[in-house]
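Right, one structure below, let's go through it.
Everything quoted here is computed from the prediction, not taken from an experiment.
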Amino acid sequence: QNTVIGDDTFRVVAGARGDIPSDVIKDWDWEISGSWGVSRYTSFVSDTLREPLTRALNSCSDPNDLSGCYNPFFSAIDGTGTPNSQKVVDSIYGTATTVSEHFLQTYHAGMSGSLFELPGGPLGAAVGAELRHERRQTQTDHDSTEQRFTFFLGSTDANASRDILSGYAELRWPFWTGIELQTAVRVERYTDIGRTTPSPFAGLSVTPAKIIGPEKVPAALRRLSLTGQVTSAFRAPTLYQANPG
């Protein structure tokens, strides 16, 4: 049996960024980006066809007509038994073909900057929105769809697509030199399952050397940072599970 597998991916990414021309928010930046990609997986697996193989084996019962007989033993090769004609061999073999393609498009727009001063520095903020479009499709040959192969487990064609809309906001709170709190929230809407889920996040970073003073801390500990995080997330189902074709 022969098996040939291929996997090709093509992806393009483009984006732009710049400063926001405003006297109110002078240090804010904007950013937009997009990506487009496609991945193709191909599989070719040779296998025997169950019905033609059974028919060919049953054709060996009549010694007066062995034209359609398939001899599965080595005697077909060494000449001690009924040889297999190429026509019979070709009739019982096929190729299970699967072609799967995954298309992905993403679009992002956001801006970031500072709001006001805190004892440890400026309060940083970032907001943005994203759109992700996914589409997957799988096509198999007719014999695989009809479950005609002996060993290869065939499958049906499938096609599914969905859009994921999301928005996020992040704040960086430097309450004191060496003490910083990070807070963020992300909201996503899955069009295939009709569910909107928020994912909050909070983290605290403490750098002792910045609080005490670098000159009072041994050199080996000046880069020491203590970090703690807490978050809640939602795990979305795969595309085919969410919307089978």
Side-chain angles (χ1 to χ4, degrees), residues 8-40 101-137 160-207 209-211 214 223 225-239 242-243:
D8 299 307
T9 300
F10 177 77
R11 186 166 181 257
V12 176
V13 179
R17 65 189 311 173
D19 298 328
I20 298 178
S22 172
D23 295 333
V24 179
I25 48 177
K26 297 180 180 180
D27 61 342
W28 278 65
D29 300 326
W30 60 268
E31 181 181 45
I32 58 173
S33 62
S35 66
W36 304 264
V38 58
S39 178
R40 171 178 289 184
E101 293 181 319
H102 181 203
F103 303 89
L104 176 63
Q105 301 175 26
T106 62
Y107 304 94
H108 168 262
M111 58 182 184
S112 61
S114 60
L115 297 177
F116 50 84
E117 288 292 326
L118 291 175
L123 172 64
V127 294
E130 295 179 351
L131 167 63
R132 185 164 79 247
H133 175 72
E134 298 180 15
R135 181 166 64 89
R136 293 187 64 181
Q137 63 182 30
S161 64
R162 71 180 175 189
D163 293 322
I164 303 173
L165 310 173
S166 63
Y168 66 89
E170 302 176 7
L171 291 175
R172 183 174 57 85
W173 307 76
F175 288 115
W176 198 260
T177 302
I179 302 177
E180 182 178 282
L181 175 67
Q182 303 93 32
T183 58
V185 63
R186 183 181 183 90
V187 179
E188 293 185 323
R189 172 70 177 177
Y190 292 81
T191 60
D192 56 338
I193 59 176
R195 179 169 178 176
T196 301
T197 172
S199 299
F201 166 86
L204 180 65
S205 298
V206 178
T207 306
K210 292 183 179 181
I211 300 174
R223 300 181 63 181
S225 180
L226 306 177
T227 302
Q229 298 177 349
V230 59
T231 185
S232 175
F234 165 74
R235 181 177 180 181
T238 61
L239 188 56
N243 186 18

> Do any N or O atoms from the side chain of Arg132 and from the backbone of Asp163 form a donor-acceptor pair under 3.5 angstrom?
Replying inline: no
>> Using every non-hydrogen atom in the two residues, find where Gln182 and Ser205 come nearest and quote the distance to one decimal.
In response: NE2-OG, 3.5 Å
> Ser199 and Glu188: side-chain contact (heavy atoms from CB on, under 4.5 Å), yes or no, with the steps?
Replying inline: CA-CA 8 Å; Ser199 299; Glu188 293 185 323; 5.6 Å; no
Please list, one pair per line, the donor and acceptor atoms closer than 3.5 Å that link side chains of residues 167-179 to other protein atoms, with sequence neighbours excluded.
residue: Tyr168; atom: OH; partner: His108; partner atom: NE2; Å: 2.9
residue: Arg172; atom: NH1; partner: Glu180; partner atom: OE1; Å: 3.1
residue: Trp173; atom: NE1; partner: Thr183; partner atom: OG1; Å: 3.1

>> Give me the atom names and distance for the closest heavy-atom approach of His133 to Ser161.
In response: CE1-CB, 4.4 Å
Distance-only donor-acceptor pairs under 3.5 Å for side chains of residues 31-39, two or more places apart:
residue: Ser35; atom: OG; partner: Thr106; partner atom: OG1; Å: 2.2
residue: Trp36; atom: NE1; partner: Tyr107; partner atom: OH; Å: 3.0
residue: Ser39; atom: OG; partner: Thr9; partner atom: OG1; Å: 3.4

>> What's the separation between atom CG in Leu104 and atom CZ in Arg136, rounded to the nearest 0.5 Å?
In response: 11.5 Å
>> To the closest 0.5 Å, what do you measure between CZ (Arg195) and CZ (Arg189)?
In response: 11.0 Å
> Leu131 and Leu165: which non-hydrogen atoms are nearest, and at how many Å?
Replying inline: CD1-CD2, 3.0 Å
> Can you find a heavy atom in the side chain of Arg186 that is under 4.5 Å from one in the side chain of Ser166?
Replying inline: yes
> Closest approach of Ala125 and Trp28, non-hydrogen atoms and distance?
Replying inline: CB-CH2, 4.0 Å
> How far does CD1 of Ile164 sit from CD of Glu134, to the nearest 0.5 angstrom?
Replying inline: 4.5 Å
>> Pairing donors with acceptors under 3.5 angstrom, does anything connect the side chains of Arg162 and Thr191?
In response: no
> For the atom pair CZ (Phe201) and OG (Ser232), what is the distance rounded to the nearest 0.5 Å?
Replying inline: 12.5 Å
> Heavy-atom count around Arg40 CZ within 6.0 Å, excluding the residue itself: above 12?
Replying inline: no
>> Within this structure, what is the OG1-CG distance for the pair Thr207 and Leu226, rounded to the nearest 0.5 Å?
In response: 8.0 Å
